[in-house]
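Since the structure comes first, as structure tokens, the remarks are kept for the end.
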2 protein chains.
Amino acid sequence: MRRDIFQAISDPTRRGIITLIAMQAMTPNAIAENFNTTRQAVSKHLRILTECEIVKQEQQGREIFYSLEIEKMKEIDKWLTQFREIWETRFNQLDKVLSTMSADRQAIKEQKK
Amino acid sequence: MRRDIFQAISDPTRRGIITLIAMQAMTPNAIAENFNTTRQAVSKHLRILTECEIVKQEQQGREIFYSLEIEKMKEIDKWLTQFREIWETRFNQLDKVLSTMSADRQAIKEQKK
DNA sequence: TAATTATGAAACCAATCAGTTGCAAATATA
DNA sequence: TATATTTGCAACTGATTGGTTTCATAATTA
């Protein structure tokens, strides 16, 4: 049962939970109200998210408030870096192509004169 | 069997394939050599990645070259935006706290004089 | 033409998954 | 103290997953 953040975010309900508690801590009951599923199912998702350390708990009496461990989200961002480099390079290359085209057109214009 | 990109990247082998073909197109056989699994299993992964439009094929004779559809990766980046906003805000807040602390220390210093 | 190579697809399997129902423990309230 | 509320956990279920083996098809090469 070795879980990682990529498996954690693969489920749409879990992504929903992550988004929901990103701004404010919430109890399992309150979270479950937002989804078309049972409280127990949400509880299981929370366990998975806790195991992955995407979520942290804070007990207050008999209630437990769950909130997002935002730092963990950076791991996805980190993995994306390699691809971001590629699409930025392509963009720069396109930029280069466009300016070259522009220069060429200018040259043609000059030639016509 | 409705698949999305988050499910596609949840499997470590698929993430490996994505990284592998990010820079250059490769055939299924060549890809499979890089993983401790059969060619057929890789073929199945490629089918999933193709269904999600993360990967594109180009037939050359009896060989098929698979390459990354980098634009699709931006969808993950887009989803991350909401969290990036949070961690950047927190960073700015920390920045504010630090400068306030600095000002306080300065005030204490001044008081001591 | 016959053999080889590259590939996808089908059938099957064990493991895992997301969900449900039922229950126990702890806390709060009447 | 008795009852209600909040929660996690265990047992079960049907669906899905990632993998293997086997086979069919198409293109290349001897």
Side-chain angles (χ1 to χ4, degrees), chain A residues 1-21 24-69 72 76 79, chain B residues 1-21 24-69 72 76 79:
Chain A
M1 224 191 276
R2 53 180 220 300
R3 291 215 179 78
D4 62 42
I5 193 162
F6 294 101
Q7 227 219 324
I9 64 163
S10 70
D11 182 80
T13 304
R14 280 199 291 269
R15 284 202 302 281
I17 294 174
I18 290 173
T19 301
L20 198 60
I21 64 171
Q24 59 173 354
M26 288 175 80
T27 64
N29 261 328
I31 294 167
E33 277 170 22
N34 294 273
F35 300 96
N36 194 22
T37 185
T38 58
R39 180 193 59 77
Q40 284 90 338
V42 169
S43 189
K44 278 180 76 173
H45 283 306
L46 286 170
R47 196 160 74 98
I48 290 167
L49 292 171
T50 305
E51 278 171 12
C52 295
E53 298 175 303
I54 296 169
V55 141
K56 58 171 180 274
Q57 311 176 23
E58 202 182 332
Q59 187 109 21
Q60 257 175 52
R62 69 182 160 186
E63 289 179 319
I64 301 174
F65 285 84
Y66 286 85
S67 61
L68 185 63
E69 198 73 81
K72 205 74 184 180
I76 308 165
W79 182 73
Chain B
M1 223 191 276
R2 52 179 223 299
R3 291 216 177 79
D4 62 41
I5 193 162
F6 293 102
Q7 228 218 325
I9 64 163
S10 70
D11 181 80
T13 304
R14 280 199 291 271
R15 284 201 302 282
I17 293 173
I18 289 172
T19 301
L20 198 59
I21 64 172
Q24 59 173 353
M26 287 175 80
T27 64
N29 262 326
I31 294 168
E33 278 171 19
N34 294 273
F35 300 96
N36 193 24
T37 184
T38 59
R39 179 193 60 77
Q40 284 90 337
V42 168
S43 189
K44 279 181 76 173
H45 284 307
L46 285 171
R47 195 159 77 97
I48 291 167
L49 293 171
T50 306
E51 278 171 12
C52 295
E53 297 176 304
I54 296 168
V55 141
K56 59 171 181 275
Q57 311 175 21
E58 203 183 331
Q59 186 110 24
Q60 259 177 50
R62 70 182 159 184
E63 290 178 319
I64 302 175
F65 286 84
Y66 286 86
S67 62
L68 184 64
E69 199 74 79
K72 205 74 184 180
I76 308 165
W79 182 73

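Note that the coordinates shown come from a computational prediction; the quantities given were computed from them, not determined experimentally. In what follows, every chain begins at residue 1, and chains take the letters A, B, ... in the order their sequences are listed.
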- Query: Ignoring hydrogens and angles, does a donor from either the side chain of A/Q40 or the base of C/dG22 sit under 3.5 Å from an acceptor on the other?
  - Reply: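 When only heavy-atom distances are counted, A/Q40 does reach the base of C/dG22 through a donor-acceptor pair under 3.5 Å.
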- Rounded to the nearest 0.5 Å, how far apart are CG of B/L46 and CD1 of B/I54?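 Going from CG on B/L46 over to CD1 on B/I54, the span is 11.0 Å.
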- Message: Distance check, rounded to the nearest 0.5 Å: B/F65 atom CZ versus B/M26 atom CE?
- Response: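 Spacing of CZ (B/F65) from CE (B/M26) equals 9.5 Å.
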Find the distance [X]:[atom1] to [N]:[atom2] and express it as a whole number of Å.
| X | N | atom1 | atom2 | result |
| --- | --- | --- | --- | --- |
| B/R15 | D/dG18 | CZ | C1' | 14 Å |
| B/F6 | D/dT17 | CZ | P | 17 Å |
| B/E58 | D/dA27 | CD | P | 16 Å |
| A/Q60 | C/dA28 | CD | C1' | 14 Å |
| A/E51 | C/dA18 | CD | P | 12 Å |
| B/E33 | C/dT7 | CD | C1' | 15 Å |
| A/R47 | C/dT16 | CZ | P | 14 Å |
| B/I48 | D/dG19 | CD1 | P | 9 Å |

Can you check whether [X] has a side-chain N or O nearer than 4.0 Å to OP1 or OP2 of [N]?
| X | N | answer |
| --- | --- | --- |
| A/Q7 | C/dC17 | yes |
| A/R14 | C/dA18 | yes |
| A/S43 | D/dG8 | yes |
| A/T38 | C/dG19 | no |
| A/R3 | C/dC17 | yes |
| A/T50 | D/dG8 | no |
| A/H45 | C/dC17 | no |
| A/N29 | D/dT5 | no |
| B/R62 | C/dG8 | no |

- Message: Pick the closest DNA chain C nucleotide for B/F65 and for A/V42 by heavy atoms, then say which residue is nearer the 5' end.
- Response: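 Looking at DNA chain C, the more 5' nearest nucleotide goes with B/F65.
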- Item | Position toward the 5' end of DNA chain C (nearest nucleotide), A/D11 or A/R39 | A/D11
- Mapping A/Q57 and A/K44 to their closest nucleotides on DNA chain D, which lands nearer the 5' end?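 Its nearest nucleotide lies further toward 5', so the answer is A/Q57.
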- Looking across every strand, which nucleic acid part, if any, lies under 4.0 Å from A/Y66 by heavy atom: base, sugar-phosphate, or nothing? sugar-phosphate
- Message: Assess the residue pair A/E53 and A/K72 against the criterion (side-chain contact (heavy atoms from CB on, under 4.5 Å)); give the C-alpha distance rounded to whole Å, side-chain angles, the decisive distance to 0.1 Å, and a yes or no.
- Response: CA-CA 7 Å; A/E53 298 175 303; A/K72 205 74 184 180; 3.9 Å; yes
- Return the nearest nucleotide to the side chain of B/T13; candidates are D/dG19, C/dT7, D/dT7.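 Per side-chain heavy atoms of B/T13, the pick is D/dG19.
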- Task: Identify which nucleotide among C/dT20, D/dT7, C/dT7 has an atom closest to any side-chain atom of A/E63, counting heavy atoms from C-beta outward.
- Result: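 Output: D/dT7.
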- Item | From CA spacing to verdict: side-chain contact (heavy atoms from CB on, under 4.5 Å), A/I5, A/W79 | CA-CA 11 Å; A/I5 193 162; A/W79 182 73; over 6 Å; no
- Is the shortest side-chain N to carboxylate O distance from B/D11 to B/K44 below 4.0 Å? no
Side chains of residues 32-41 of chain B: which donor-acceptor pairs under 3.5 Å do they make with residues two or more places apart or in other chains?
residue: B/N34; atom: ND2; partner: B/A30; partner atom: O; Å: 2.9
residue: B/N34; atom: ND2; partner: B/I31; partner atom: O; Å: 3.4
residue: B/T38; atom: OG1; partner: B/A41; partner atom: N; Å: 3.3

